[in-house]
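Okay, so here's the structure we're looking at.
Chain letters run A, B, ... following the sequence lines, proteins first and then strands; every chain starts at 1. Only heavy atoms go into these numbers, but all of them, side chains included; no hydrogens, no water, no symmetry mates.
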There are 2 protein chains.
Amino acid sequence: MPVTIRDVARAAGVSITTVSRALNGHKDVGEKTRQRILRIAEELNYRPSAVARSLVTQKTRTIGFLVSDLSKGRIWHYFMLQILYGIQDRLAELGYDLILVNTTTTRQREISYLDFCTERRLDGVIVINLRLDDPYLHEVVESPLPSVVIDIPLVSATCGYVTSDNVYGAKLAVRHLIGKGHRTIGFVNGHSQAAVSHDRLRGYREALESHGIPFRPELVYEADYTVEGGRKGCELLRTAHPEMTAVFFASDLMAIGGLHHLREAGVKVPEECAVVGFDDIELAEIVSPQLTTIRQKRYEMGATAAEMLVGMMEGKTMPEGRTLLPELVVRQTS
Amino acid sequence: MPVTIRDVARAAGVSITTVSRALNGHKDVGEKTRQRILRIAEELNYRPSAVARSLVTQKTRTIGFLVSDLSKGRIWHYFMLQILYGIQDRLAELGYDLILVNTTTTRQREISYLDFCTERRLDGVIVINLRLDDPYLHEVVESPLPSVVIDIPLVSATCGYVTSDNVYGAKLAVRHLIGKGHRTIGFVNGHSQAAVSHDRLRGYREALESHGIPFRPELVYEADYTVEGGRKGCELLRTAHPEMTAVFFASDLMAIGGLHHLREAGVKVPEECAVVGFDDIELAEIVSPQLTTIRQKRYEMGATAAEMLVGMMEGKTMPEGRTLLPELVVRQTS
DNA sequence: CTGTTAGCGCCTTCAC
DNA sequence: GTGAAGGCGCTAACAG
């Protein structure tokens with residue numbers, strides 16, 4: 001049994017209230033008393049119970065990190081990890097804890113998202129990897145619980161979002177390729193249940209058209225953000241359009257899949273076919289040739305989400321959308 | 001304000017006590033009453049407050065995941081992610097929550113590890129990536145708080161561990177290479193502040209000697225588990241020992257670094273130099289050539305750690321060490 | 001400045 | 001079978 005506020009009060013010869021006040025920095029405590037209490041608390045190694053405090057304040061200072069489809073063997077999550085760091089770092093600075101919530105876990109699917117948060121009295125939630133057609137999406141957005149979603153541009157009275165400027169990012173990529181002289185540029189996109197896919201497609205299209213290059217739907221393949229999907233997309237596009245000299249992928253993982261295909265097909269990168277990815281996961285620098293890509297500021301996305309959420313929870317900020325600018329990172333594949 | 005047990009009691013026309021009993025499945029409640037209470041609780045969408053419950057039961061059903069050096073831009077953590085899934089999955093099944101604790105975050109370094117856990121009244125802790133010389137190590141092991149450490153073979157009254165059989169794993173790797181006809185096999189190890197490094201070195205050595213190949217210290221390079229370290233180690237070993245036909249790396253990341261060097265040096269893999277890694281992170285399958293490696297059952301390690309910890313907490317199990325057998329995964333680099 | 005009183009929401013003896 | 005009372009550890013009026 002840890003030492004409680006009573007123990008401190010007793011040892012200091014004052015009431016519990018006074019201890020509480022002294023420790024919480026209230027002004028209305030005699031200076032000598034305060035010092036004594038502080039000293040004694042220190043000596044006794046007193047740690048106030050977050051549980052008891054939560055019960056009375058009705059705040060847990062704990063927020064949930066809700067990850068859809070957090071599961072075994074998914075390398076998708078390499079992308080997510082930096083975001084998690086950003087969230088965790090900023091939350092820790094702000095004095096909040098983070099609890100991991102996985103929507104795929106059986107037990108947690110039994111009760112609704114909101115019920116889960118209610119039971120734990122979470123103060124807020126950050127949600128990632130939600131598909132546009134996931135029923136949870138509405139639940140999150142409409143819920144009275146403050147929330148921030150990553151990469152889905154929806155704002156409600158209690159829900160904000162953080163994302164990258166994906167239109168801009170895609171434009172960066174395509175402009176870069178055009179600048180290198182490419183005119184027939186393929187695009188391997190991710191599935192349409194991710195909001196970012198639509199934006200990246202738009203950026204691709206607009207970049208082409210603003211350079212007088214007509215948009216050709218047949219040069220676009222919709223994959224699924226996996227290595228294998230990227231490989232297949234690249235293969236299909238190249239078979240159908242041998243004249244293609246560059247491919248833009250909506251994620252690094254898909255780009256790496258594309259590189260696999262190109263290597264096996266004996267196509268020289270970037271000489272015969274340039275490749276640009278999206279995300280700048282750590283992998284991009286490790287594969288060879290090193291991948292030219294669009295860097296998303298993932299750590300900052302996480303930190304921003306954390307900040308925004310806490311701002312909302314503490315009533316200092318209104319829910320809003322925040323969009324971070326990605327940047328072009330030129331390496332060896334272009 | 002969420003609905004409380006009072007609201008349910010009032011609506012059902014019974015006392016709080018009865019509601020509590022009915023909901024917690026006690027036998028001493030009239031069947032009709034129980035049904036009515038259950039129905040009303042359902043209608044009111046009542047969720048018992050985990051906070052209030054924790055205060056009275058003195059258990060939070062929350063365990064901490066303590067990660068040393070969880071920080072921006074570290075790709076080391078690719079290894080950790082699967083372990084985290086394993087932990088999270090099993091804990092969710094067992095009805096426990098997981099909270100993320102980062103020892104590097106400034107605010108959390110201010111107070112000791114134990115204080116942090118005490119404040120939150122955590123029921124237990126799983127610790128990963130602790131260096132042997134980290135002062136936290138003793139604090140964890142000696143602490144009264146139940147804990148499980150990953151990859152450090154220490155057992156105390158309150159602390160168990162989970163690890164892979166690293167000696168065996170290294171033997172698998174080296175035997176495999178010997179079986180392929182290699183006789184001069186280099187070893188790029190990780191830093192000596194990881195317990196696993198010592199075991200992998202021992203396995204390397206014993207495998208050689210049991211095949212009548214003398215152990216030569218000059219064929220061992222101590223790197224640091226990073227890509228760059230692996231690259232450098234590989235380069236140095238090859239320069240000093242051109243006759244070397246295979247290198248075993250104590251991690252996949254280092255092996256990938258080694259592959260970088262070999263490619264640049266124009267050395268054909270595996271014809272002129274075979275490579276075997278350790279871990280089987282997802283990357284191993286993605287790089288090219290695909291990496292032969294020793295698979296650690298990371299998900300199982302996490303699940304095992306979770307299980308063991310809960311067992312200890314609930315008094316069903318004594319702290320112990322559990323060692324999982326890794327396995328050889330032959331791909332293209334050997 | 002300090003102490004007394006009331007809970008926060010729930011579980012658990014102990015009576016009835 | 002059911003209820004009343006007490007308390008988990010802490011904060012927050014309200015008095016003095």
Side-chain angles (χ1 to χ4, degrees), chain A residues 1-38 40-41 44-62 95 97 115 117-123 314, chain B residues 1-38 40-41 44-62 95 97 115-123:
Chain A
M1 285 292 281
V3 19
T4 75
I5 198 172
R6 291 179 94 99
D7 303 322
V8 180
R10 207 168 355 236
V14 295
S15 76
I16 291 181
T17 315
T18 307
V19 176
S20 173
R21 281 194 281 243
L23 262 37
N24 291 331
H26 292 202
K27 312 295 311 175
D28 53 353
V29 180
E31 193 47 32
K32 332 125 187 266
T33 331
R34 138 166 297 124
Q35 292 301 340
R36 187 157 40 89
I37 291 176
L38 257 43
I40 294 188
L44 265 44
N45 197 30
Y46 167 66
R47 299 293 151 192
S49 158
V51 174
R53 182 177 285 163
S54 292
L55 185 58
V56 46
T57 61
Q58 299 285 54
K59 296 191 178 330
T60 53
R61 296 193 79 85
T62 300
D97 291 336
D115 290 342
C117 300
T118 307
E119 267 187 15
R120 285 150 190 77
R121 300 300 192 261
L122 299 183
D123 289 345
E314 297 181 347
Chain B
M1 284 293 281
V3 18
T4 76
I5 197 173
R6 292 179 94 97
D7 303 321
V8 179
R10 202 161 6 229
V14 294
S15 77
I16 291 180
T17 315
T18 307
V19 177
S20 174
R21 281 196 278 242
L23 263 38
N24 291 332
H26 292 203
K27 312 296 312 175
D28 53 350
V29 179
E31 195 45 34
K32 334 128 187 260
T33 334
R34 137 166 299 121
Q35 293 301 340
R36 186 156 42 88
I37 292 177
L38 257 42
I40 294 188
L44 265 46
N45 197 31
Y46 167 67
R47 298 295 149 190
S49 159
V51 174
R53 182 176 286 166
S54 293
L55 186 59
V56 48
T57 61
Q58 299 287 55
K59 298 197 179 323
T60 53
R61 297 193 77 86
T62 302
D97 291 336
D115 291 343
F116 183 91
C117 300
T118 307
E119 268 187 14
R120 286 153 188 76
R121 300 299 190 262
L122 299 183
D123 290 345

Base, sugar-phosphate or nothing for V14(A)? Non-hydrogen atoms, less than 4.0 Å. sugar-phosphate
Ranking dC8(D), dG9(C), dT11(D) by distance to the side chain of R53(A), first place goes to dT11(D)
Using a heavy-atom cut-off of 4.0 Å across all strands, would you classify T33(B) as base, sugar-phosphate, or nothing? sugar-phosphate
Distance, rounded to the nearest Å, where E119(A) contributes CD and dC10(C) contributes P: 11 Å
Which nucleotide, dG9(D), dC10(C), dC14(C), lies nearest any side-chain atom of R21(B)? dC14(C)
Identify which nucleotide among dG9(C), dT2(D), dC10(D) has an atom closest to any side-chain atom of P48(A), counting heavy atoms from C-beta outward. dC10(D)
Please determine if a side-chain N or O atom of S15(B) lies less than 4.0 Å away from the OP1 or OP2 oxygen of dG3(D). yes
Would you kindly give the CZ-to-P distance between R121(A) and dC8(C), to the nearest whole Å? 13 Å
Regarding S15(B) and T18(B), is there a side-chain donor-to-acceptor distance under 3.5 Å anywhere? yes
Taking the side chain as C-beta and beyond, is there a heavy-atom pair between E119(A) and D97(B) under 4.5 Å? no
From CG of N24(B) over to P of dC11(C), roughly how many Å is that when rounded to an integer? 5 Å
Between C1' on dA13(D) and NE2 on H26(A), what's the gap in Å once rounded to a whole number? 12 Å
For S20(A) and dT11(D), is the shortest distance between a side-chain N/O and OP1 or OP2 below 4.0 Å? yes
Taking the nucleotide of DNA chain C with the nearest heavy atom to each, does K27(A) or I16(A) sit closer to the 5' end? K27(A)
When you compare the side chain of I37(A) with that of R34(A), does any pair of heavy atoms fall below 4.5 Å? no
side-chain contact (heavy atoms from CB on, under 4.5 Å) with R10(A): which of V14(A), D7(A), V8(A)? D7(A)
Could you give the CD-to-C1' distance, from Q58(B) to dG9(C), as a whole number of Å? 14 Å
Find the distance I37(A):CD1 to dG3(C):P and express it as a whole number of Å. 8 Å
Over all strands shown, is T17(A) touching base, sugar-phosphate only, or nothing at heavy-atom distances under 4.0 angstrom? base
Could you check how far CZ of R120(B) sits from P of dC10(D), rounded to whole Å? 14 Å
Name the nucleic acid region contacted by V56(B), choosing base, sugar-phosphate or nothing; use a 4.0 angstrom heavy-atom cut-off, strictly under. base
5′-ward residue of the pair V29(B)/T57(A) relative to DNA chain D: V29(B)
Value in whole Å for how far the C1' atom of dG9(D) lies from CE of M1(A): 9 Å
Is it the case that the side chain of S20(B) and the backbone of I16(B) share a donor-acceptor pair, with hydrogens and angles ignored and the cut-off at 3.5 Å? no
